[in-house]
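For reference, positions follow the sequence shown, starting with 1.
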Amino acid sequence: MSQIELEDEVQDDLKRATGEFTKDGDDANKLNRILQLTGFSDPVYAEAYVTVHHYDIVLDVTVINRTKETLQNLCLELATMGDLKLVERPQNYTLAPESSKQIRANIKVSSTETGVIFGNIVYETSNVLERTVVVLNDIHIDIMDYISPATCADVAFRAMWAEFEWENKVAVNTVIQDEKDFLNHIIKSTNMKCLTAQSALDGECGFLAANLYAKSVFGEDALVNVSIEKQADGKLSGYIRIRSKTQGIALSLGDKITLKQKGGS
């Protein structure tokens with residue numbers, strides 16, 4: 001191999017190792033991660049492509065000047081809520097009429113909590129004395145990007161269940177009428193692993209209890225207990241209890257379950 005080919009090979013390996021490589025099949029997933037930040041009627045249009053990679057969130061923001069004027073000192077001002085931290089100070093740019101600019105913002109994440117990024121685009125034009133502010137739509141960072149299914153022994157699960165101080169209790173509210181279908185829906189929605197053996201879930205008795213477990217990229221544990229009962233009218237009732245060492249996981253997972261539990265989507 002020539003020197004150039006070797007260098008390309010090393011570069012590709014580096015990209016794979018740092019998660020930069022995306023397959024062609026990920027194109028649909030890429031589109032899902034593009035968020036519209038401003039309205040189509042705003043003088044400046046902006047959209048962001050969000051990449052989540054463990055401790056880092058990268059926002060690739062495309063800013064388009066839709067006016068016939070040059071925008072001076074254009075600045076993307078971001079602020080965060082939750083355990084998110086902006087890495088660098090915003091820069092000023094000059095944007096020619098009907099041109100676009102790619103602005104990259106790096107954000108550090110320090111815990112598994114649903115965070116919010118919000119901000120403005122501020123700019124000046126030659127014929128307006130004061131600065132113009134365009135308010136951006138909020139970007140919500142999903143907890144599902146940070147937790148993955150994991151296993152632990154029943155003894156360890158019970159010990160953590162007794163030890164963890166944060167609990168979030170969510171009442172079952174669903175149109176699903178089969179207990180196992182509902183359990184599978186919750187497992188899929190929360191990206192958790194069912195620790196209860198399949199043999200313990202077999203049979204039809206109108207009642208089901210199962211333990212779910214997941215671990216975050218920061219080493220935090222998330223415990224869920226699903227207890228459901230089939231009523232005489234065929235509807236399911238019961239509770240989903242979430243326990244964790246941190247309030248962020250308990251609240252964020254509870255919000256996710258409340259949002260996702262109703263239907264089969």
Peer 1: I'd like to check Cys194 versus Ile187 (side-chain heavy atoms, cut-off strictly below 4.5 Å). Are they in contact?
Peer 2: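 Heavy-atom side-chain distance check passes, below 4.5 Å.
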Peer 1: Can you classify the ring geometry of Phe157 versus Tyr213 as parallel (below 30°), tilted (30 to 60°) or perpendicular (above 60°)?
Peer 2: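 Perpendicular.
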Peer 1: Is the backbone of Ala153 close enough, under 3.5 Å, to the side chain of Arg158 for a donor and an acceptor to pair up by distance?
Peer 2: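 No.
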Peer 1: Decide if atom CZ of Arg104 counts as having more than 12 heavy atoms of other residues, nucleotides or ligands within a radius under 6.0 Å.
Peer 2: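 12 or below, so no.
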Peer 1: Which atoms form the tightest heavy-atom contact between Ala222 and Leu253, and what is the distance?
Peer 2: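 Looking at all heavy atoms of both residues, the shortest contact is CB-CD1, 3.8 Å.
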Peer 1: So, the side chain of Asn191 versus the backbone of Ile147: is there a donor-acceptor pair under 3.5 Å, distance only?
Peer 2: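 Flag set: sc Asn191 to bb Ile147 pair under 3.5 Å.
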Peer 1: Using the rule given for side chain to side chain contact (heavy atoms under 4.5 Å, CB included), can you reason through Asp221 versus Lys215, listing the C-alpha separation, both sets of side-chain angles and the distance that settles it, and then say yes or no?
Peer 2: CA-CA 5 Å; Asp221 303 284; Lys215 221 172 174 61; 2.9 Å; yes
Peer 1: Return yes if a side-chain donor-acceptor contact under 3.5 Å exists between Asp60 and Thr62, otherwise no.
Peer 2: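 Side-chain D/A pair, Asp60 to Thr62: absent.
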Peer 1: Closest approach of Thr70 and Pro97, non-hydrogen atoms and distance?
Peer 2: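 Residues Thr70 and Pro97, closest heavy atoms: OG1-CD, 3.5 Å.
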Peer 1: Look only at the side chain of Arg66 and the backbone of Asp42, and say whether a donor-acceptor pair between them is shorter than 3.5 Å.
Peer 2: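 Checking the backbone N and O of Asp42 against the side chain of Arg66, a donor-acceptor pair under 3.5 Å is found.
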Peer 1: Working to the nearest 0.5 angstrom, can you tell me the gap between Leu136 CG and Asn120 CG?
Peer 2: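 One finds 6.0 Å between CG of Leu136 and CG of Asn120.
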Peer 1: Is there side-chain contact between Asn225 and Ile240, with at least one heavy-atom pair below 4.5 Å?
Peer 2: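 When only atoms from C-beta onward are counted, Ile240 and Asn225 do not touch, as no gap falls below 4.5 Å.
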Peer 1: Are side-chain N/O atoms of Ser237 and Gln231 paired as donor and acceptor at under 3.5 Å?
Peer 2: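 Short answer, yes.
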Peer 1: Hey, any chance Ile228 and Leu223 share a hydrophobic cluster, counting ILVMFWY side chains that come within less than 4.5 Å of each other, even indirectly?
Peer 2: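 No, no single cluster joins them.
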Peer 1: Does any non-hydrogen side-chain atom of Val50 lie less than 4.5 Å from one of Ile57?
Peer 2: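 Of all side-chain heavy-atom pairs linking Val50 with Ile57, at least one is under 4.5 Å.
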Peer 1: Is Leu78 reachable from Ile139 through a run of hydrophobic residues whose side-chain heavy atoms are each under 4.5 Å from the next?
Peer 2: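 Yes, because Ile139 and Leu78 connect within a single hydrophobic cluster, where side-chain heavy atoms sit under 4.5 Å apart.
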Peer 1: Which atom pair, heavy atoms only, marks the closest approach of Leu236 to Val172?
Peer 2: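 Heavy atoms only, the tightest pair is O-CG1, 4.0 Å.
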Peer 1: Let me check something: do Leu76 and Val122 share a hydrophobic cluster, defined by ILVMFWY side-chain heavy atoms less than 4.5 Å apart, either directly or through other members?
Peer 2: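 Leu76 and Val122: separate clusters.
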Peer 1: Can you tell me which residue among Val134, Asn65, Ile121 is in a side-chain contact (heavy atoms from CB on, under 4.5 Å) with Leu74?
Peer 2: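 The single option meeting the side-chain contact (heavy atoms from CB on, under 4.5 Å) with Leu74 is Ile121.
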Peer 1: Given Thr38 and Val44, is the side chain to side chain contact (heavy atoms under 4.5 Å, CB included) satisfied, shown in steps?
Peer 2: CA-CA 8 Å; Thr38 64; Val44 172; 5.7 Å; no
Peer 1: Would a distance-only check, ignoring hydrogens and angles, find a side-chain to backbone donor-acceptor pair under 3.5 Å from Asn184 to Lys180?
Peer 2: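 Side chain of Asn184 to backbone of Lys180, a donor-acceptor pair under 3.5 Å: yes, one is there.
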Peer 1: Give a yes-or-no answer on whether the side chains of Asn73 and Tyr123 include a donor-acceptor pair shorter than 3.5 Å.
Peer 2: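 Checked: Asn73/Tyr123 side chains show no N/O donor-acceptor pair below 3.5 Å.
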Peer 1: Return the minimal non-hydrogen interatomic distance between Cys152 and Met160, and the atom names on each side.
Peer 2: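 Closest approach of Cys152 to Met160, heavy atoms only: SG-CE, 4.0 Å.
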Peer 1: Please check if the side chain of Asp178 supplies one atom and the backbone of Asp181 the other of a donor-acceptor pair under 3.5 Å.
Peer 2: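 Yes.
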Peer 1: What I want to find out is whether Lys245 reaches Glu220 closely enough, with some N-O distance under 4.0 Å, to be called a salt bridge.
Peer 2: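 Salt bridge absent between Lys245 and Glu220.
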Peer 1: Is any side-chain heavy atom of Val61 closer than 4.5 Å to a side-chain heavy atom of Leu37?
Peer 2: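 Of all side-chain heavy-atom pairs linking Leu37 with Val61, at least one is under 4.5 Å.
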Peer 1: Would a distance-only check, ignoring hydrogens and angles, find a side-chain to backbone donor-acceptor pair under 3.5 Å from His185 to Lys260?
Peer 2: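 Confirmed, His185 side chain pairs with Lys260 backbone.
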Peer 1: Measure the CD-CZ distance between Gln72 and Arg131 for me, rounded to the nearest 0.5 Å.
Peer 2: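 Reported to 0.5 Å precision, the distance equals 10.5 Å.
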Peer 1: Check whether any side-chain heavy atom of Thr94 lies under 4.5 Å from a side-chain heavy atom of Leu71, and answer yes or no.
Peer 2: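 Side chain of Thr94 against side chain of Leu71, heavy atoms only: no contact under 4.5 Å found.
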Peer 1: Using side-chain heavy atoms (C-beta onward) and a distance below 4.5 Å, is Asn137 in contact with Leu35?
Peer 2: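 The answer is no, as the side chains (C-beta and beyond) never meet within the 4.5 Å cut-off.
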Peer 1: Please evaluate residues Met81 and Phe118 with respect to the criterion side chain to side chain contact (heavy atoms under 4.5 Å, CB included), reporting the C-alpha separation (whole Å), side-chain torsions for both, the decisive distance (0.1 Å), and the verdict.
Peer 2: CA-CA 8 Å; Met81 197 169 72; Phe118 49 94; 3.9 Å; yes
Peer 1: How many angstroms lie between atom CD of Glu165 and atom OG of Ser244, to the nearest 0.5 angstrom?
Peer 2: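 One gets 9.0 Å once the value is rounded to the nearest 0.5 Å.
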Peer 1: Just by modelled atom types, is the Lys235 backbone N or O under 3.5 Å from a matching donor or acceptor in the Asp233 side chain?
Peer 2: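 Yes, the answer is positive, given that a donor and an acceptor are paired below the 3.5 Å cut-off.
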Peer 1: Measure across Ala250 and Asn168 and return the closest heavy-atom pair with its distance rounded to 0.1 Å.
Peer 2: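 The answer is O-ND2, 3.0 Å.
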Peer 1: Below 4.5 Å, heavy atoms only, C-beta onward: do Trp161 and Arg241 meet side chain to side chain?
Peer 2: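 When only atoms from C-beta onward are counted, Arg241 and Trp161 do touch, with a gap below 4.5 Å.
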Peer 1: Would you find a donor on one side and an acceptor on the other, under 3.5 Å apart, between the side chain of Thr132 and the backbone of Glu124?
Peer 2: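 No: the side chain of Thr132 does not pair with the backbone of Glu124.
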Peer 1: If you define the side chain from C-beta out and look only at heavy atoms, does anything of Gln177 sit under 4.5 Å from Phe182?
Peer 2: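 In short, these two side chains do not touch, never coming nearer than 4.5 Å.
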Peer 1: In sequence, state the C-alpha distance, the side-chain angles, and the governing distance for Ile107 and Leu59, and then conclude on side chain to side chain contact (heavy atoms under 4.5 Å, CB included).
Peer 2: CA-CA 8 Å; Ile107 291 154; Leu59 299 182; 4.0 Å; yes
Peer 1: Report yes or no: is the cationic atom of Lys169 (NZ for Lys, CZ for Arg) under 6.0 Å from the centre of the six-membered ring of Tyr239, at an angle within 45° of the ring normal?
Peer 2: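 Ring-cation test returns yes.
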Peer 1: Tell me whether Tyr49 is reachable from Val58 by hopping between hydrophobic residues (I, L, V, M, F, W, Y) whose side-chain heavy atoms are closer than 4.5 Å.
Peer 2: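 Cluster IDs for Val58 and Tyr49 differ.
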Peer 1: Ignoring hydrogens and angles, tell me if any N or O in the side chain of Thr196 forms a donor-acceptor pair with the backbone of Asn211 under 3.5 Å.
Peer 2: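 Side chain of Thr196 to backbone of Asn211, a donor-acceptor pair under 3.5 Å: yes, one is there.
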Peer 1: Grouping I, L, V, M, F, W and Y whenever their side-chain heavy atoms are under 4.5 Å apart, do Val63 and Tyr45 come out in a common cluster?
Peer 2: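 Unlinked, Val63 and Tyr45 end up in two clusters.
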Peer 1: Could you tell me whether a side-chain N or O of Thr258 sits under 3.5 Å from a main-chain N or O of Gly254, the two making a donor and an acceptor?
Peer 2: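 Here the side-chain-to-backbone pair exists.
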Peer 1: Identify the two heavy atoms, one from Ile64 and one from Ser100, that lie closest to each other, and give their separation to 0.1 Å.
Peer 2: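 That closest heavy-atom pairing would be CG1-CB, 3.8 Å.
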